[in-house]
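Only a predicted model underlies this, so the values are computations on that prediction, with no experimental measurement involved. Letters A, B, ... mirror the listed sequences (proteins, then strands); counts begin at 1.
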There are 2 protein chains.
Amino acid sequence: MTIKDIAKLAGVGVSTVSRAINDDPGIALATKKKVLKIVKEYNYIPNNSARNLKMTESNTIALLVRGIDNYFFLEMFGYIQRELESRGYDYLLHAVGEDEDISSIAMELSMEKRLKGLIILGGRMGSKISGLSDLPIPYVLCTVAAKIGQDHPDAATVGIDDEKESAEAVGYLIRSGHKRIAIVAGHEDDPAVGAQRLAGYKRALTENGLEIDESLIGLSKNNIPEFSAENGYQVAKELIQRADFTAIYCISDLMAMGCYKAIAEAGKKIPDDISVIGFDGIDLGRFLHPSLTTMVQPREEMAVSAVELLNELIEENGIKRHITYEAKLLTRDSVRRV
Amino acid sequence: MTIKDIAKLAGVGVSTVSRAINDDPGIALATKKKVLKIVKEYNYIPNNSARNLKMTESNTIALLVRGIDNYFFLEMFGYIQRELESRGYDYLLHAVGEDEDISSIAMELSMEKRLKGLIILGGRMGSKISGLSDLPIPYVLCTVAAKIGQDHPDAATVGIDDEKESAEAVGYLIRSGHKRIAIVAGHEDDPAVGAQRLAGYKRALTENGLEIDESLIGLSKNNIPEFSAENGYQVAKELIQRADFTAIYCISDLMAMGCYKAIAEAGKKIPDDISVIGFDGIDLGRFLHPSLTTMVQPREEMAVSAVELLNELIEENGIKRHITYEAKLLTRDSVRRV
DNA sequence: TTTGTTTACGGAAACGTTTCCAAAGGCAAA
DNA sequence: TTTGCCTTTGGAAACGTTTCCGTAAACAAA
């Protein structure tokens, strides 16, 4: 069933059918109705490939996600998807492996599928961002450390200031009276989000006259997904063995979840023995016990903005903006005053 | 940069370039090398739309997921993705909303994108399956209750016997000495997985001479995603208020997570006061405290089989098979002997 | 040398759309 | 009635591939 068949059935030319389908203004209402009736009757659906081919570009936005196993991105994906749909874009989700090169994948996809735009989701790509500037289509970096965004003016970005918000989290711990504060940090070689959050931790300590004790810094295992519960568990376990502290800051909520387990296994209690603060604000945090205090990233706002920025780039060929949102401290039950 | 440009640059015809790219046997090795060198040099990537158009069908498999917010499906997605890639398929993930009709979405997608096949992931679609048999392309139902699969011989299916495995879970509780066992069940009108698991619960009770007490059956709220933590929390809370029991069976691990919270808030302890058993076996269960005893579905095996079945259907136009895996009881720390 | 067979290659048609262009018809103004 | 404009329509080209078909070249057999 092609457009030709419909044209024949409706007794009109193919161009008329095309016009009817695409809400072209230059068609008489009566003709349009007649055609659409046939279309409906025969369940005709235009071939996307032919359409894309002719239009020389598709209507597709690709979503590149590194670390789809992270609940945070999953939630982001939900919002972005909704937003993309409401603007009439097609979309495609592509999960990027931990060790794959994001810019070459982006390049390949964009040529192969003649994408209209690209949203890149996920941290862990600081230095590798540069390759992206060769991309022939607009793209926006979402959830990438604000600092990094500013260093790359040729990319539109939306995210938070990871260092600042990280310092905020640790600041809250300090204001609550904690002096020995451990951190479950990211991979050692992570040039982006993880590093920023670690920097924020250090800054908060020094600004508050506390010393930085290397034994309190737990770097993630390189062979385990960076922000995962498993990683949080492993790192926290080591930390508990080798150091004393009254509070621990996890750079992701999932890590905090693993941390909970490590603490329980060590026979300690949250928050009585150890206070825990997380980062991200995923829904699951509510259901931990005690419920997790965390810095929540405005997921929905970021998602909306990401699509908006991309849309600007596509429609108006606008300038590349950088939007930085604030995270918000959500105090629940996992931190205690000392 | 099109195939014509490459042909000109390489001093050959377009068909030769096409042959070189597609590993066609009818081309001299030297020519092939020469062409591929140019291809590489100019970073040429064939236009997917043109290719699909000409081939009259794409190489794309669509993954339809209902309930992508469920961690279980996310993990399945990971495995399926890997499997699809290794067989050289393109794939596309489409999240289906709670209230959308899966068969009309499937139909639309399959026409629009000229899909090669379809994998449908997720429960909650018992009765609505029938519309699918009109699909012009092969598809497999994954993670759909085995009973339902058998009722629909025109669909290939892979899953577990939800009723049986559910009875297994409850049986374990009974063997551990529990007599008053509550259930956090699915939506009342759920015709598929949820209903099967509830049926298994009832069967286990009666087979073991226990009475079915309606006050111990907690149906999910219809306005909350069926298998979510939030739902588990709400339902368990009500259950605790209105009835006495020593064990509770949650038809998903995420629900069990919500259940943990409700129990803690009620001032009770797991497993001392209430034992909890979940279903699915998602990774996160390990990190709950106490770690969650659950029935684990063989996610990886199911994913591999799903792709395999689909591949059979596509390649060999084979018959529609039904594969039923066994779930495995994973005993951890959330159930106590009484 | 001639003939036949095989191998390698180029040209062109076709896939199903969208869109440009030309033309036909209707209608208002003259 | 004639002229001209505007609306509506149909035909055909073009998008970038794959593949069929024909042919040239190379080689083997006679």
Side-chain angles (χ1 to χ4, degrees), chain A residues 1-36 38-39 42-60 88 90 108-116 136-137, chain B residues 1-39 42-60 88 90 108-116 136:
Chain A
M1 182 64 55
T2 78
I3 200 173
K4 268 188 195 161
D5 302 319
I6 298 296
K8 211 163 289 171
L9 286 164
V12 300
V14 287
S15 41
T16 302
V17 177
S18 178
R19 277 186 276 258
I21 293 171
N22 297 307
D23 274 335
D24 191 294
I27 184 177
L29 196 69
T31 327
K32 182 168 169 179
K33 276 192 177 165
K34 181 178 66 179
V35 172
L36 289 184
I38 303 277
V39 165
Y42 287 83
N43 249 315
Y44 164 71
I45 296 171
N47 180 319
N48 218 268
S49 295
R51 185 172 263 177
N52 287 342
L53 174 57
K54 180 55 201 180
M55 315 255 274
T56 62
E57 72 175 357
S58 71
N59 194 34
T60 306
D90 277 350
E108 238 170 84
L109 265 182
S110 74
M111 299 303 289
E112 206 170 289
K113 311 261 185 192
R114 298 299 191 262
L115 297 175
K116 197 154 202 168
I137 54 169
Chain B
M1 182 65 54
T2 79
I3 200 173
K4 269 188 197 162
D5 302 318
I6 298 296
K8 211 162 291 172
L9 285 163
V12 300
V14 286
S15 41
T16 302
V17 177
S18 178
R19 277 186 276 258
I21 294 171
N22 298 307
D23 273 335
D24 192 294
I27 184 178
L29 196 69
T31 326
K32 184 167 167 178
K33 276 192 177 164
K34 181 176 66 178
V35 172
L36 289 184
K37 198 173 144 249
I38 303 277
V39 165
Y42 286 83
N43 248 314
Y44 165 71
I45 297 171
N47 180 320
N48 216 266
S49 295
R51 183 173 264 177
N52 287 343
L53 174 58
K54 179 57 202 183
M55 314 256 273
T56 62
E57 73 174 357
S58 70
N59 195 34
T60 307
D90 277 349
E108 238 169 85
L109 265 182
S110 74
M111 301 301 291
E112 207 170 288
K113 311 260 184 188
R114 298 299 191 263
L115 297 176
K116 199 155 201 167

I need the [atom1]-[atom2] distance between [X] and [N], as an integer number of Å.
| X | N | atom1 | atom2 | result |
| --- | --- | --- | --- | --- |
| A:Asn59 | C:dT18 | CG | C1' | 14 Å |
| B:Leu53 | D:dC15 | CG | P | 14 Å |
| B:Asn22 | D:dT19 | CG | P | 7 Å |
| B:Asn47 | D:dA14 | CG | P | 18 Å |
| B:Lys4 | D:dT18 | NZ | C1' | 14 Å |
| A:Ile21 | C:dG16 | CD1 | P | 14 Å |
| A:Lys32 | D:dG10 | NZ | P | 16 Å |
| A:Ile6 | C:dT18 | CD1 | P | 13 Å |

* **B:Val14 vs B:Lys4 side-chain heavy atoms within contact, under 4.5 Å** => yes
(Q) Looking at A:Thr2, is its backbone amide N or carbonyl O close enough to the side chain of A:Asp5 to form a donor-acceptor pair, meaning the two atoms are under 3.5 Å apart? (A) yes
Walking DNA chain D from its 5' end, the first of B:Ala50 and B:Asp24 to be reached, judged by nearest nucleotide, is B:Ala50
Result for 5'-nearest mapping on DNA chain D, choosing between B:Met1 and A:Thr31, is A:Thr31
Walking DNA chain C from its 5' end, the first of B:Lys54 and B:Gly13 to be reached, judged by nearest nucleotide, is B:Gly13
In this structure, CG of B:Asn48 is separated from CE of B:Met55 (nearest 0.5 Å) by 9.5 Å
Separation between OH (B:Tyr42) and CE (B:Met1), nearest 0.5 Å, reads 7.0 Å
Give B:Ile27 one of three labels, base, sugar-phosphate or nothing, depending on what nucleic acid heavy atoms sit under 4.0 Å from its own. sugar-phosphate
Which of the following nucleotides, [options], is nearest to the side chain of [X]?
| X | options | result |
| --- | --- | --- |
| B:Ala28 | C:dT17, C:dC15, C:dA8 | C:dA8 |
| A:Ser15 | D:dG16, C:dT17, C:dT19 | C:dT19 |
| A:Thr2 | D:dT17, D:dT19, C:dG16 | C:dG16 |
| B:Val12 | D:dT19, D:dT9, C:dG10 | C:dG10 |

Phosphate-side-chain proximity, B:Asn48 and D:dT17, N/O vs OP1/OP2 below 4.0 Å: no
SB check A:Lys32 A:Asp24 (cutoff 4.0 Å): no
